Structure formats: structure tokens, C-alpha cells
Amino acid sequence: QEKLDMSTYPVESIRNFSIIAHVDHGKSTLADRLLEITGTISKTDRNKQVLDKLQVERERGITVKAQSASLFYNHEGINYLLNLIDTPGHVDFSYEVSRSLSACQGVILVVDANEGIQAQTVANFYLAFEAQLSIIPVINKIDLKNADPERVEKQIEKLFDIPTDECIRISAKQGTNVEKVLHKVIEKIPPPQCNTADPLKALVFDSTFDHYRGVVANIALFGGEIAKGHKIVSAHTKKRYEVNEVGILTPDEQPTHKLHAGQVGYLIAGMKEVAEAQIGDTLFLYKQPVEPLPGFKSAKPMVFAGMYPIDQTEYNNLKSALERLTLNDSSVTVHRDSSLALGAGWRLGFLGLLHMEVFNQRLEQEYNMSVILTAPTVPYKAVLSSAKLIKEYGKDHITIINPAQFPDKLSVSEYLEPTVLGTIVTPQEYIGKIITLCQDRRAVQKDMLYIDENRVMLKYLFPLNEIVVDFYDALKSLSSGYASFDYEDAGYQAADLIKMDILLNGNPVEELATIIHNDKAYAAGKLLCERLKETIPRQLFEIAIQAAIGKKIIARETLKAYRKNVVAKCYGGDITRRMKLLKRQAEGKRLMRKIGNVEVPRDAFIRILKRETDK
Amino acid sequence: APCPQWPYCRKRCSYCNFNTYVVPAVDEAAVRACLVREAQTLLRLSQVHSVSSVFFGGGTPSLASPGTVAAVLEAVAAAAHLPAGAEVTLEANPSSTSTSCLARFRAAGVNRLSIGVQSLDDAELKMLGREHTAAEAWKAVEVARGLFPGRTSIDLLFGLPGQSRDAWAQRLEVALGLCDDHISLYQLTLERGTALAAQVRKGALPTPPQDLLADMYHTARTVLVAAGFRHYEVSNFARKGALSTHNLSYWRADQYIGVGPGAHGRFVLRGEGGCSREARVQTLEPVAWMRDVQSQGHGTRSRVVLSPLEQLEELLTLGLRTDEGITHERWGHFSPQLSLQAVFGAPGEARALQQQGWLVLDSGGLRCTWAGLAVLDSLLPDLLCQLQRV
């Protein structure tokens with residue numbers, strides 16, 4: 001295949017931009033149209049979410065991994081190289097978005113003509129604004145019946161201080177005015193400020209793992225040039241590599257001779273794991289180190305969940321599936337973990353709930369694995385005061401992921417819980433219910449502002465654990481879907497945490513212990529006891545199900561003993577059926593977990609431990 | 001013990017999930033011929049010498065003509081020895097039991113009658129989809145007792161949706177005034193696929209609470225025992241020695257031969273040189289069954305050899321349903337090497353259940369206590385585990 005010559009595109013003819021928007025406002029559709037107009041892909045009906053390569057992305061209609069595409073466009077006699085970087089739209093991936101943006105000089109901000117500004121419109125706008133990028137506001141879906149572009153333009157002016165006449169009204173689906181957007185990109189977004197003569201400085205803004213070729217890193221050059229044979233170094237890992245191939249994405253890989261400053265493309269250099277090409281990392285030439293690009297940080301998990309194979313015999317299969325899936329997702333943290341009820345498994349850390357759900361879905365679709373996901377937990381912290389424990393851990397600040405590790409109150413001077421700053425955008429009629437919901441979740445209001453006559457933006461500081469399970473669903477439900485939500489890490493705050501134990505006839509059930517805020521303990525304990533009462537089968541004696549904090553019992557349910565359990569008829573025809581059932585029960589007995597004298601079938605734990613939404 | 005099946009009914013009751021068919025017309029002669037033929041074939045295959053009991057079930061056997069009953073009994077008597085005192089039971093519906101009818105059955109060889117009364121309350125009978133009224137049932141039992149004194153049994157159901165404890169206690173009193181010396185008392189089981197189960201599932205009828213059912217059962221046991229009945233099996237009560245020989249053969253894991261569509265059997269095919277007890281089922285659908293019988297002499301759809309362990313499992317599961325339990329002798333018949341003591345006497349599940357008061361293992365054998373019988377299905381999985389480990 002002929003390699004492209006990228007030297008025919010001087011820096012002044014290059015535009016690096018991204019499309020940012022709230023979920024479902026039409027980002028990917030606009031990308032499809034731009035690819036078509038520039039002839040990068042042929043115009044057919046089948047162009048839908050062309051840049052979303054993962055099955056899970058296409059099914060859910062979301063972008064999970066960033067992709068880039070280099071478009072060639074002639075405008076007023078000049079050949080332009082337009083590098084489009086499609087970003088993940090979801091809050092969980094705001095770090096990825098910020099890294100992609102640092103490779104751009106401008107963004108197209110897409111807003112739905114009916115929905116108007118939503119939580120992520122705001123979040124993404126601020127990311128672009130802080131990065132000092134040019135912003136081209138685009139109002140999309142003007143073809144739909146309820147479109148009200150004028151109202152949205154006013155929102156944009158009020159919230160973002162951008163004059164209404166700068167907005168372009170388009171229909172990405174139909175292609176209306178999309179070409180105008182391209183022109184605006186060329187006119188308004190500045191070319192990159194960099195020099196091919198400088199030493200190589202490349203930003204890694206994403207990477208994928210290909211089984212045959214190794215890690216493929218998406219890079220943006222801030223200076224210098226790069227070609228096959230060059231020896232490069234990673235600023236973060238300090239490891240050295242030799243470049244095998246460079247190229248651009250159209251959106252499929254197209255090798256080129258070189259990539260020059262200001263250009264965006266991919267690189268293959270013998271890296272074996274995506275951890276070697278982390279998002280935000282800087283690459284430079286061996287013996288020519290440069291100042292690394294700012295803003296790099298290691299992925300920080302926000303939500304943890306236990307992941308166990310449905311059956312222990314599947315352990316090795318799940319292990320290799322996890323290894324392969326995390327090859328392509330270095331932001332998932334993996335720790336081995338085990339539960340008495342579920343056997344050997346892992347505790348995985350995700351960037352957020354969507355990240356976890358997508359990961360789970362990919363496990364099912366790409367590796368055919370069904371797993372048990374236990375209730376998400378968040379990383380609590382404790383400041384130890386016991387000299388013995390400090391010596392044991394080697395430090396006085398520890399992170400607690402598993403309730404079994406929860407240190408006693410006497411050994412601790414302070415417990416801490418992670419918090420997030422959440423932004424909610426909602427029509428005003430739901431304000432009351434939403435405020436109640438937030439208060440219910442121990443959130444503290446930080447701001448409230450009317451975006452326009454109808455919509456309000458609320459900012460609340462939430463403890464992270466209050467939103468990881470079902471906050472989003474509750475919010476959507478009580479606002480009939482109109483409220484939107486986004487959040488960002490806001491550090492740790494002191495919290496009155498306790499460990500809640502579950503006891504059966506006085507014996508603790510380790511798998512069900514949870515770390516919880518004191519205020520919520522009673523309600524959670526009661527609920528757990530009720531659920532256990534419904535899931536544990538009756539036995540020949542009474543069972544006391546209790547929730548306790550230390551020695552204090554805070555909730556209780558009683559499961560009465562069986563007084564009759566014998567099938568009425570057992571004659572000729574019934575016998576075979578009876579035997580089958582009884583033998584199955586005998587089998588089940590072997591798999592039972594015995595807590596004291598109480599027999600608990602394994603699937604009872606699974607049902608209690610599984611995330612609510614899976615039930 | 002042959003068990004001929006007459007798989008036809010005039011209508012399907014709301015709670016029934018048996019292999020029975022409601023058809024506009026039955027070719028009685030053809031069915032009769034096939035029952036006879038199959039009975040002959042299977043008796044010959046089993047090489048049974050002497051028959052201890054015959055049980056005509058179904059469906060509604062009382063809808064068949066006495067001639068059919070006579071023909072089948074003749075075939076049995078020809079293929080094996082049918083002693084004069086052998087128990088011959090016919091299941092009957094109150095709506096097909098006039099005096100003359102029953103007399104003809106008696107003449108054909110029936111010497112015991114089991115009447116499906118189910119309830120003596122008209123509203124309950126309606127809910128159950130029965131064809132008769134309480135008055136008709138009353139009459140039928142009286143007629144039966146006249147013709148088969150001391151050999152009439154009635155079937156009763158308890159735990160109907162919406163039935164209260166008091167209502168049940170009253171029914172029981174009434175029934176005691178009517179019955180002969182044998183009562184089969186069944187807790188209503190809502191089987192999947194039946195009309196009654198669907199009504200309960202939809203919420204049109206209430207689900208009887210577990211504890212109420214337990215109360216009703218305990219009341220029934222106590223009341224019947226006080227009236228002189230022996231509670232000899234989970235659901236069966238008899239006084240003056242009127243136990244059902246035929247049903248005992250199930251619970252003692254004797255041999256029985258199922259004849260007719262959907263019939264079940266347990267016997268050894270000595271006629272083919274076999275020495276293992278088989279679990280057999282006859283073809284379910286009558287027309288298909290008749291075809292099979294006509295072409296091959298019998299319509300056996302499935303036959304599975306039971307391993308020694310499987311036979312012991314069945315003996316255990318069934319034997320513990322009776323008050324006598326499993327005798328050492330009976331156990332030894334199926335397990336010559338390992339005695340009851342060897343299997344269940346060592347420390348283990350059985351020992352624990354004994355200590356908790358649910359089970360007894362002594363010179364009389366292994367059996368449930370009065371309390372244990374009511375929760376037998378909670379004991380069996382443990383005992384099966386223990387048996388399987390041996």
C-alpha cells in the first residue's frame with residue numbers, strides 16, 4: 001500500500017478540533033456527516049456512528065473510546081488537513097475528554113435544539129474554556145418538531161457568554177448547514193502553534209491493543225516529527241521503544257512516511273500493554289527529552305465492584321477474559337479478592353458507573369462471560385491512631401476497599417469518605433423533588449442558578465457512595481427523564497462511618513458486612529434483613545436475622561420454622577418426579593454455606609449481593 | 001400389583017394435572033382390548049406369580065363399563081394367580097356411582113371403592129370444578145358403604161384458597177360423620193398449568209398461607225386419630241385395619257405394573273432374563289398408546305434400570321412416608337451388604353435428626369416421629385446426602 005506523504009500539509013493548513021456535547025445531542029452523527037462531506041467515507045445510508053467501533057458503543061449509542069479521523073478538505077483553493085477527535089461523551093470519562101482536548105485548538109459544541117443545555121454541555125464547555133480553545137456553538141436537530149433554536153441560543157448566551165449570532169443551526173441527520181460548520185472550523189479555529197524543527201513532543205490521547213501488532217497509540221504532535229525507525233521514550237514509564245509504523249486514521253489506519261508537528265495520527269512501537277501508552281503521556285526522542293505536557297494523571301477509580309465467576313470452575317476463563325479486556329482499558333484497576341460466599345474473584349475499580357456497565361457488557365459480548373457483580377463500593381479512608389496498626393500498614397492514612405479491612409473506631413482518629421461535586425440541570429417544576437432527593441443522599445447545596453426562565457442548574461456536594469448505586473435512575477425517574485446529571489471528584493471529607501454486620505442466629509455473615517454512614521445504617525439494615533428473610537429458605541428451627549453495629553442490634557427479622565413440609569401425594573406417577581427434585585435438593589445441600597446451624601444456599605447471597613439494577 | 005389406568009374424564013377439574021383426556025366418545029371395546037393385551041404382555045414379562053392387589057385408576061375409572069373391569073381382571077387371573085382375597089380397588093366419582101352401577105362393578109370383581117369426594121361444601125366443589133354436589137357425594141358414599149362395607153375410602157382436600165381454619169374444622173366433623181374406615185386427606189397442591197393455579201397466580205383467588213396449611217394438617221391428624229384412625233401414611237388414615245394394600249406396595253417399594261396410557265410401573269423383567277428393577281412409563285396419549293399395544297403387545301414409552309443406589313433412594317423416600325417406616329428386613333432386601341444401622345447409625349445427618357426429635361432408628365427400623373412426618377421433605381435431602389456418601 002502506498003504510504004501517504006504528510007509533508008504537503010504545512011502547519012497553517014492544519015486544524016485540530018473536537019466535537020463535544022451532552023449525551024445523545026448528535027455528536028457522533030455530526031462526525032458521520034463531516035466524514036461524508038470531506039469524502040473520507042462514501043455517502044451511504046449505512047453511515048451511522050462510523051467512529052464508534054466497539055459493539056457496545058454502537059448498541060448503547062455512546063462513544064466510549066476516543067477515535068480520531070483525518071479529513072482532507074479543499075476550501076477556497078487551499079488543501080486543509082482537518083483532524084477530528086471524537087471524544088467520549090460521558091462524565092465517567094472526563095479525563096479522557098480533557099486529554100483529547102489538549103490536542104485540539106478548538107471545539108464544536110453541539111447542543112440539541114429541543115433539550116437545550118444539559119449537565120454535560122456545561123461540563124464539557126468548561127473543559128474547553130479552561131483549555132482556552134475556540135468554541136463554535138452548533139445547534140443540532142433543528143429538523144425535529146419541538147426544536148426551539150432561538151431559546152437555546154439565548155441559553156448559550158446567558159451561560160457561556162457567546163453571542164447568539166455565532167451559533168450555527170444544523171441538522172446533522174439531514175446534513176443541513178453542516179458544510180457551514182466546516183467552513184467555520186477553518187475560519188475560526190487557529191492552526192496549531194508548533195514547529196517541525198523542534199524536538200519531537202507527542203501527546204498520547206488514547207491507545208488500543210491489537211493482537212497482531214501490539215499497542216496502537218493515538219498521538220498528537222506538538223513539535224518535531226516522527227517516522228519509522230525513530231527511537232522514542234515515554235515520559236511516564238521512562239521506557240524506550242523503536243517506532244515500527246506511523247500513520248493517520250481516516251478513520252481506518254493509513255500508514256504514512258512521517259507525521260509532522262501539528263498533525264494527529266497513530267503510532268506502533270513495540271509496546272506490549274496499553275499501560276505502556278497511558279492517556280496523557282508524552283513521547284519524545286531518545287536523548288532529546290522535553291518538558292512533558294501538563295495535565296497527565298493516572299486513572300483514579302471512583303467506583304469499585306466485586307466481580308466473581310458464576311461458578312468457581314469458570315475462574316480461569318474469567319481471569320483470562322479480564323486480562324485481555326484490561327489490555328485495552330488501562331483505567332480499570334484490578335485487585336484479587338475473595339468472598340466466603342462467592343469464592344475467588346476480583347475487586348475492580350472503574351471511573352464510574354457507566355464505565356463499569358460498559359466493561360461488564362464488553363465481557364459478555366466480546367468474551368462470552370457472565371459474571372456476578374456485587375454491590376459497588378467506594379474507597380473509604382481512615383486516619384489511624386493506633387501505633388500498632390500504623391506499623392502494620394506502614395503509614396497512618398489507609399484506603400479501605402473491603403469491609404473486612406475496616407479498622408475499629410478505637411484505632412482511628414478519623415474516617416473519610418470520597419465526595420463528588422454534582423451538577424444537575426432540570427426544568428424548574430422538579431426542583432422540589434430533586435432537592436429532597438439530594439438531601440436524602442446527604443448532599444450539601446453549593447449553588448443554584450437559573451439558566452433561563454425554565455431551567456435551573458443545581459450544584460451539590462455528594463458523598464460518592466450515595467450516588468453510585470441508583471441516584472441517576474432516581475433522578476431521571478422523578479423528573480420524567482428531563483433532569484441531567486454530571487459529577488467530578490471533589491476529594492474526601494470526614495464522615496461518621498460504621499461497619500454494619502449481619503447475623504444469623506447470632507453468627508456473623510462476613511459476605512454481607514457493609515461500611516455505611518451512621519445516619520443510613522438503620523434503614524439499610526432493615527432492608528437487608530427483610531431481603532434476607534425472603535431469600536433464605538425456611539428451616540426446621542426459627543432463624544433470627546439481625547443487623548448490628550458492634551454489639552448493638554439495629555434491625556431484626558424472624559424467619560419462622562417449617563411446621564409442614566411434605567408433599568401430599570406420592571404414588572406411582574409422582575415418584576420419579578419426586579426423586580429428581582429431592583436429589584437436586586440434596587445436591588444443593590452440598591453447595592450450601594452453613595452459618596452456625598443455618599443453611600444458606602449460594603444463590604441467596606448472590607441475590608442479596610448483586611447490584612439492584614440487575615435484579 | 002397391576003395398576004390399570006382408565007384415562008378419560010367427563011371434564012377436567014380446576015386443580016388436576018393428571019394424564020387424563022376429555023373426549024366426546026370413547027371406543028370402549030378398543031381400549032378394553034388394549035388394556036387386556038398390555039396386562040397380559042407385562043405380567044408375562046414380569047413373571048409375577050401372585051398378585052396381591054389391583055387398582056383401577058385414571059381419569060375416572062367409574063366411567064368405564066363393568067365389563068371392561070371384568071375383562072382386565074380375567075386377563076390378570078389368567079396370567080398370574082389372583083387370590084380371592086386380593087384387594088381390587090376402583091376409583092369412582094360421586095356422579096357416576098348409582099347403586100346399580102356399583103353393584104355391577106362388584107359383580108365384576110371390585111371389592112374396594114375409593115370415592116373422590118374432595119369436599120362436602122358446594123361452593124368449594126364449584127371452585128374445584130367438580131361435577132357433583134355435596135348432597136350427591138353424601139349419597140354416593142352411603143351407597144358405597146352399603147355395597148363395600150369397611151372397604152370404602154374417601155378422598156378429601158384441605159387448604160383451598162380462602163378456606164379458613166374454622167371452616168376446615170367443620171368440614172372434618174361432617175366428613176367424620178359420613179366416612180367409612182379409610183380417608184385419604186390431601187393438602188391441595190397448586191400445580192403449574194392448572195386453571196386453579198392460574199387463578200391464584202393472577203390474584204383472583206388468595207394464596208393459602210404456609211402456617212395456616214400447617215395448622216389445618218395438624219388439626220386433621222389430631223382429630224382423626226382421636227376418632228380412632230391410624231395415621232399410617234402422610235396423607236392416609238385407616239381404622240379397624242382398613243389400610244390400602246395397593247398403596248402400601250408403593251411405599252414399601254414392592255413391584256407394581258402400570259397398564260394403560262401414562263401408567264407407571266416398577267418391576268423386574270424376569271421374563272427377559274433381567275434381574276434389575278426398572279422404572280417404566282407407558283405412552284401417554286391414548287390413541288398412540290393403543291397403536292403401540294396393537295403392534296407390540298404393550299405401549300411402554302420409557303424404561304430405565306434403577307441402580308441399587310437409586311432403588312435404595314426410592315425406598316428411603318417412600319418408606320419414611322409411612323408410620324412404620326422402613327424395617328430392617330425390607331432394607332436388607334435392597335441392601336444385603338449395608339444395614340440400616342451401618343448407613344444411618346453412624347454419626348451424621350440421621351443421628352443429628354434423631355437428636356432433634358424428627359427421626360427414630362431402633363429395632364423396628366428407621367421411621368419418622370409424629371413431628372418428623374410433617375416435615376419429611378426437610379429431612380430427606382440430608383438423608384439422601386448421607387446415603388450417597390456410603
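Quick caveat, the model's predicted, so the values are computed rather than measured. In what follows, every chain begins at residue 1, and chains take the letters A, B, ... in the order their sequences are listed.
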(request) Indicate yes or no: does Glu542(A) engage Lys533(A) in a salt bridge with an N to O separation below 4.0 Å. (result) no

(message) With a 4.0 Å cut-off on N to O distance, would you call Asp211(B) and Lys564(A) a salt bridge?
(response) no

(request) Select, from Asp382(B), Asp377(B), Asn247(B), Leu384(B), the one with the greatest count of heavy-atom pairs under 4.5 Å involving chain A. (result) Asp377(B)

(message) Are more than 12 heavy atoms, taken from residues, nucleotides or ligands other than Arg336(A), located less than 6.0 Å from that residue's CZ atom?
(response) no

(message) Taking the basic N atoms (NZ, or NE/NH1/NH2) and the acidic carboxylate oxygens, is any pair closer than 4.0 Å for Glu587(A) and Lys583(A)?
(response) no

(request) Check whether Ser378(B) gets within reach of chain A through its side chain, its backbone, both or neither, counting any heavy atom under 4.5 Å. (result) both

(request) Against chain B, work out which of Arg578(A), Lys569(A), Lys560(A) has the most heavy-atom pairs shorter than 4.5 Å and name it. (result) Lys569(A)

(request) Please report the closest heavy-atom contact between Gln546(A) and Gly506(A), naming both atoms and the distance. (result) OE1-N, 4.4 Å

(message) Measuring from atom OG1 of Thr436(A) to atom CG of Leu478(A), what distance do you get when rounded to the nearest 0.5 angstrom?
(response) 8.5 Å

(message) Between Lys520(A) and Glu466(A), does any side-chain N to carboxylate O distance fall below 4.0 Å?
(response) yes

(request) Count the heavy-atom pairs under 4.5 Å between each of Leu380(B), Thr189(B), Leu318(B), Leu213(B) and chain A, then report the option with the highest count. (result) Leu318(B)

(request) Using non-hydrogen atoms and a 4.5 Å limit, figure out which bit of Leu185(B) sits close to chain A: side chain, backbone, both or neither. (result) neither

(message) Counting only non-hydrogen atoms closer than 4.5 Å, does Arg584(A) touch chain B with its backbone (N, CA, C, O), its side chain (CB onward), both, or neither?
(response) neither

(message) With a 4.5 angstrom heavy-atom cut-off, is it the side chain or the backbone of Asn17(B) that approaches chain A, or both, or neither?
(response) side chain

(request) Go through the atoms of Phe55(B) and report whether side chain, backbone, both or neither lie under 4.5 Å from a heavy atom of chain A. (result) neither

(request) Please determine, among Leu188(B), Asn236(B), Val375(B), the option with the most heavy-atom pairs under 4.5 Å with chain A. (result) Val375(B)

